[in-house]
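Side chains are part of it too, since the values below use all heavy atoms of this structure and drop only hydrogens, waters and symmetry mates.
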Amino acid sequence: MALETYAQVQPYAEAIRDSVQRRTMPPWFADSKVGHFANDPSLSEEEIGALALWVNSGAAAGDVKDAPPPLRWTQSWSIQKPEIVLKMPRAVAIPASGDIDYTYEIVPTHFAEDRWVRSAEVLPSAPANVHHAVVYVRPPGSDWMRHAPVGVPFTADSLIDPEDRRGAHWTDSDILLVYASGSSPDNWPETMAKLVPAGSDLVFQMHYTSNGKQARDESSVGLVFSKQPPPQRVLTLQLTNDHFVIPPGAPDYRVEVRGTLPNDALLLSFMPHMHLRGKRFEYNLLHRGSPENPGGTSESPRIEPLLRVNYHFHWQMSYRLAEPRLLRAGTELQAVAWFDNSAGNPHNPDPTAAVRWGEQTYDEMMVGFFDVAVAAGVNKKKFFTRSSAADR
């Protein structure tokens, strides 16, 4: 429902009061005791109290002379007007029912020079059918799905070459942007951007879901460029565990993954990703015993929480640190996810099933995306080349 005028809001006054008091609105799922985030829309206790007082006293209209000017909602892009829009050349036909394999479409950029992207946004034309989308950067000369068709939709099973089929399921290519329900576009400060090398292709990985109606999707990505090369390059990395089995009926099943940073990086933001059984997700730093970091041992490291999220499948949000944090080479990160495979989970497709990693929403995923900034001349391959300092 629209909530732009008093007449629209007044009938829902009590529901609004209850929602803000339960803190289910505005949508924000991070534990307030862990970390501070630049995009936190949470209301203060004073704001919640003011809303409750207004409702409890009759939800009267204010003086029309004090009304703010009408809001002008964006009809398409929420980033500033894109300098270039790259659209999937051919629309994907989405059936009314059944599973839909991940669908790919390769879009040449035809960039004659390197372009630094400060803002990026994915705009599906059939958003009700897009579970998520990942836009990858495939630089010239890449072997990744090198035999795949360009400009037409395809799935892994439609590829002839075995290496191409394997590549469709797993890649270490740069991620330009991740889109999911409730996620936000990327907007980086002037000192940071993502690099799309000259002559690159963008590879759209689309996860569609059927909803009872046939549809067609022709997603686009809008880009805004830096005026000059920035001093820092943004990389999207991930902590992923794809080897787990969630037992039938398990209400609080724990899955974790750990990794160490091979080089220094400035930590910027997080985006956890799970499916319908997702319950909680957290990112931590693990401090093992040393003069600099007392309180931990090799066997039992001290845990420093960075983000704790009560996961909501329909609001897969990014959490952007209010103050980016420098992490030194060798820093150990941990991501932990909890899944609710019980009958008490109202979103659970089948509490009697053992659940493994898979692409469909009745399967599960455990992915902890996170963004870091590194020197502009450092690409992902160079970043993951460990130095002797990191090894120590």
Side-chain angles (χ1 to χ4, degrees), residues 1 27 76 87-107 122-136 145 148-149 151-160 164-171 177-183 203-221 242 244-250 253 272-279 311-317 337 339-367:
M1 64 283 198
S76 55
K87 180 185 288 189
M88 291 161 47
R90 187 175 298 181
V92 177
I94 302 170
S97 61
D99 293 343
I100 305 168
D101 290 340
Y102 276 23
T103 305
Y104 295 81
E105 199 154 336
I106 299 172
V107 182
V122 171
L123 192 67
S125 64
N129 297 91
V130 179
H131 167 272
H132 79 262
V134 183
V135 181
Y136 294 95
M145 294 196 295
V152 297
F154 63 90
T155 65
D157 287 345
S158 70
L159 298 174
I160 298 173
D164 289 346
R165 286 199 298 271
R166 279 190 285 270
H169 293 292
W170 194 266
T171 180
L177 185 63
V178 179
Y179 166 92
S181 176
S183 64
V203 180
F204 285 66
Q205 181 200 73
M206 307 298 300
H207 180 186
Y208 296 114
T209 56
S210 55
N211 61 9
K213 297 180 181 179
Q214 292 183 350
R216 294 174 67 82
D217 179 68
E218 199 172 5
S219 289
S220 304
V221 62
D242 61 352
F244 56 83
V245 180
I246 307 171
Y253 189 77
H273 179 69
M274 306 161 79
H275 286 177
L276 291 167
R277 295 170 177 86
K279 184 176 182 179
Y311 192 75
H312 196 304
F313 177 73
H314 299 294
W315 292 96
Q316 299 189 41
M317 307 178 76
F339 297 90
D340 183 356
N341 194 24
S342 73
N345 175 0
H347 303 295
N348 193 347
D350 183 2
T352 68
V355 183
R356 295 169 171 79
W357 173 280
E359 295 181 348
Q360 302 301 327
T361 54
Y362 52 73
D363 302 313
E364 266 304 336
M365 286 191 174
M366 189 281 187
V367 184

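With hydrogens and angles disregarded, a donor-acceptor distance shorter than 3.5 Å links the side chain of His275 to the backbone of Gln360. Judged purely by atom type and a 3.5 angstrom limit, Glu105 uses its side chain to pair as donor or acceptor with the backbone of Arg90. A donor-acceptor pair is defined here as one N or O able to donate and one able to accept, closer than 3.5 Å; such a pair exists between the side chain of Asn129 and the backbone of Thr209. Side-chain N or O atoms of Asn345 include one that pairs as donor or acceptor with a backbone N or O of Leu276 at under 3.5 Å.
Residues Trp357 and Val367 meet the side-chain proximity criterion, which asks for heavy atoms closer than 4.5 Å. In this structure, the side chains of Pro349 and Thr361 stay at 4.5 Å or more apart for every pair of heavy atoms. Side-chain atoms of Gln205 and Val203, non-hydrogen and from C-beta on, never get closer than 4.5 Å to each other. For the pair Gln316/His132, no side-chain contact is recorded, criterion being any heavy-atom separation below 4.5 Å from C-beta on. Using a 4.5 Å cut-off on side-chain heavy atoms (C-beta onward), Met88 and Tyr104 make no contact. Residues Ser125 and Arg216 form no side-chain contact, since every pair of their non-hydrogen atoms from C-beta on lies 4.5 Å or further apart. Counting heavy atoms from C-beta outward, Asn341 and Pro247 have side chains that stay 4.5 Å or more apart.
Smallest separation of non-hydrogen atoms from Met317 and Gly182: CG-O, 3.8 Å. Nearest heavy atoms, Ile246 versus Glu364: CD1-CG, 4.0 Å. Taking both residues in full, the closest heavy atoms of Ile100 and Ser210 are given as CD1-N, 3.9 Å, listed atom of the first, atom of the second, then distance. Between Asp363 and Arg277 the shortest heavy-atom distance is O-NH1, 4.3 Å. Between Met206 and Val130 the shortest heavy-atom distance is CE-CG1, 4.0 Å. A pairwise comparison of heavy atoms in Ala180 and Ser183 identifies O-OG, 2.7 Å as the closest pair.
Summarising the geometry, atom OG belonging to Ser97 is positioned 14.0 Å from atom NZ belonging to Lys213; distances are rounded to the nearest 0.5 Å. Between the CG atom of Leu177 and the CZ atom of Phe204 there is a distance of 9.5 Å, given to the nearest 0.5 Å.
When Phe313, Tyr362, Tyr208, Tyr102 are each tested for a ring-ring contact (aromatic ring centres under 6.0 Å, His included) with His131, only one passes: Phe313.
Defined by atom type and a distance below 3.5 Å, a donor-acceptor pair is present between the side-chain atoms of Asp217 and Ser219.
Taking the six-membered ring for Trp and thresholds of 30 and 60 degrees, Phe244 and Phe339 have nearly parallel ring planes, at less than 30 degrees apart.
Annotation: Tyr179 is not in aromatic contact with His207 [ring centroid separation under 6.0 Å not met].
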